[in-house]
Trainee: 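I have a structure I would like to understand better, so I am pasting it below and will then ask my questions one at a time.
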Amino acid sequence: MKKLFCLLFVFLCTYAVGQETIVLAVHPSQGEQKISRHIYGQFAEHLGTGIYGGLWVGEDSSIPNTNGYRTDVLEALKRLNIPNLRWPGGCFADEYHWKDGIGPRAERPKMSNNNWGGLIEDNSFGTHEFLNLCEILGCEPYVSLNLGSGSVEEMAEWVEYMTSDGDTPMARLRRENGREKPWNVHFVGIGNESWGCGGNMKPDYYVDLYRRYTTFCRNYDGNRLYKIASGPGSIDPKWTETLMKGIGSKMNAMSLHYYTVTGWQGKKGSATDFDAEDYYWTIGKCLDIENTITATTDIMDKYDPQKRVGLMVDEWGTWWEPEPGTQLHQQNTMRDAFVAALSLNVFHRHIDRIRMTNIAQMVNVLQSMILTEGEKMVITPTYYVFEMYKPHQDALFLPMEMQAPTRAVREERTIPLIDATASRDDEGKIHISLANIDLDNPYKVRITLDDTPVNQISGTMLTSKKIDDCNTFEKPNKVKPVPFKGAKWVKDAIEVTLPAHSIVTLEVE
Ligand code: AHR
């Protein structure tokens with residue numbers, strides 16, 4: 001009887017940590033390229049409460065603010081080391097007329113935000129408010145210029161207004177509005193989704209417009225523009241080929257948009273009400289981004305084998321059914337945290353071409369970092385992934401191999417159940433981020449590091465009881481990172497036991 005009990009115990013323990021030990025071989029001496037910090041970019045569009053209420057409340061608001069920016073949101077964002085911020089859209093960018101957003105706020109004209117519910121936009125958040133915000137956050141601005149409905153002159157003048165230091169008309173206007181020195185604006189987008197909301201153009205027409213408009217976007221006084229063409233919104237060989245052929249030598253980069261819209265039976269799906277199969281389906285859809293990237297970079301490689309032109313995934317993230325009565329406002333669960341972690345892992349694997357990405361969007365819109373309501377603010381699980389992945393910014397990408405267990409989803413997809421990424425920072429510390437996608441089983445992972453000496457291992461973990469757990473204004477700390485104690489050095493490798501549905505970042509010294 002005792003023997004039987006022991007056998008049962010061993011069986012249960014084996015089952016509890018998965019059937020096998022997974023070997024992850026990381027190669028610290030084979031790193032060649034850095035993970036640009038710009039992979040961790042953000043996006044803030046004039047959409048719903050993404051700007052107004054979420055970031056900007058104005059100086060007279062009862063919500064505590066610093067010169068009009070919400071103080072709580074600013075403080076939370078500062079902790080993320082945001083490298084760049086894309087603005088003003090999105091679709092909004094191609095209807096935005098920048099001169100409406102400068103000068104005394106009370107005198108700024110109002111407009112209808114036609115893409116996003118026809119809400120009245122009072123232009124109180126404009127060029128100065130945006131570029132000053134970037135300075136406060138210590139990030140680079142990425143300004144989406146209006147190609148769809150603006151004139152060549154309007155685009156050229158905006159660039160002059162922001163970056164000219166001379167005695168030029170737009171620099172004088174800027175000075176009249178209180179800003180003596182120009183800002184440093186490197187990243188500019190030449191239209192957004194020009195095949196869709198940005199003008200419904202055909203690729204040849206876009207190419208011609210790109211050539212014409214960018215001719216007049218000048219480099220003033222040491223400022224160097226980095227021009228990003230409006231690329232495809234999915235796998236689109238015609239759009240990609242036409243751009244690479246027609247303006248490949250004139251652009252610094254091309255954008256790519258990819259949303260994890262679950263799309264099972266054509267539905268967007270609820271942000272919080274989903275079952276296990278929906279979750280695994282979402283993971284599959286998220287990981288499909290790699291096919292879209294590869295299909296696009298294969299074409300780019302044909303025209304640009306030196307990989308001079310960057311690919312900027314300047315919109316990505318989950319897109320669920322919006323909460324009733326809102327514009328793209330959605331909750332954010334542990335499932336979203338997995339989409340963030342797995343997408344970042346994919347981007348790391350393609351750093352030879354991907355120079356920047358921007359999650360959509362920073363506050364209150366789609367897969368956001370932060371949610372606000374009145375004066376309340378809550379941090380999302382996605383925020384915590386960005387926080388846990390901070391050490392990968394500008395660190396050397398380390399190649400790795402792993403045979404991960406897999407799972408079939410709805411007989412249509414097969415997904416890995418473990419995914420990982422690793423990098424080494426300037427101080428020599430190695431960071432390894434691991435995701436155990438499996439909802440039910442923990443896994444034991446043995447991480448080899450060639451001959452790298454290891455003195456200390458620490459870690460942080462994000463997990464929660466249930467995959468649909470989220471942070472609400474009532475329970476703001478339901479999902480949050482905790483110190484991870486499940487890693488130890490055993491003989492010649494790190495042994496880690498990853499709890500079911502957990503995301504872990506290890507720091508190895
Ligand atoms: O991020 C929301 C919208 O999605 C953007 O405005 C647009 O570019 C895309 O279609």
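Source: prediction; values computed, not measured. Read the numbers this way: they start at 1 and go in the same order the structure lists the ligands and their atoms.
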Trainee: Examine ligand 1 and decide if any of its atoms is less than 4.0 Å from a heavy atom belonging to Tyr259.
Mentor: yes

Trainee: Does a salt bridge link Glu387 with Lys480, judged by any charged N lying under 4.0 Å from a carboxylate O?
Mentor: no

Trainee: Any luck finding a side-chain donor-acceptor pair between Trp320 and Thr272 under 3.5 Å?
Mentor: no

Trainee: Between Cys91 and Cys197, is a disulfide bond (SG atoms under 2.5 Å apart) present by the stated rule, with each step listed?
Mentor: CA-CA 6 Å; Cys91 296; Cys197 66; 2.2 Å; yes

Trainee: Above 12 or not: heavy atoms from other molecules or residues under 6.0 Å from NZ of Lys202?
Mentor: no

Trainee: Under a 3.5 Å threshold, yes or no: a donor from one side chain and an acceptor from the other, between Tyr142 and Asn358?
Mentor: no

Trainee: Could you verify whether a donor N or O on one side chain and an acceptor N or O on the other, from Thr505 and Ser433, lie under 3.5 Å apart?
Mentor: yes

Trainee: Which of the atoms in ligand 1, numbered in the order shown and given with their element, are less than 4.0 Å from a heavy-atom of Phe43?
Mentor: 1 (O)

Trainee: Could you list which atoms of ligand 1 come closer than 4.0 Å to a heavy atom of Cys91?
Mentor: 5 (C), 6 (O), 7 (C), 8 (O)

Trainee: Ligand 1 versus Trp116, non-hydrogen atoms closer than 4.0 Å: side chain, backbone, both, neither?
Mentor: side chain

Trainee: Under 3.5 Å between some N or O of ligand 1 and some N or O of Ala360?
Mentor: no

Trainee: Heavy-atom pairs closer than 4.0 Å: do any link ligand 1 to the side chain of Leu366, the backbone, both, or neither?
Mentor: side chain

Trainee: Taking 4.0 Å as the limit for heavy-atom contacts, which would you say applies to Asn192 with ligand 1: side chain only, backbone only, both, or neither?
Mentor: side chain

Trainee: Among all protein heavy atoms, pick out the one at the shortest distance from atom 7 (C) of ligand 1; state its residue, atom name and that distance to 0.1 Å.
Mentor: Glu315 OE1, 3.3 Å

Trainee: Between the side chains of Asn364 and Thr372, is a donor N or O closer than 3.5 angstrom to an acceptor N or O?
Mentor: yes

Trainee: Report, in ascending order of atom number, the atoms of ligand 1 lying under 4.0 Å from any heavy atom of Gln361.
Mentor: 1 (O), 2 (C)

Trainee: Got the closest protein heavy atom to atom 10 (O) of ligand 1, with its distance?
Mentor: Glu193 OE1, 2.8 Å

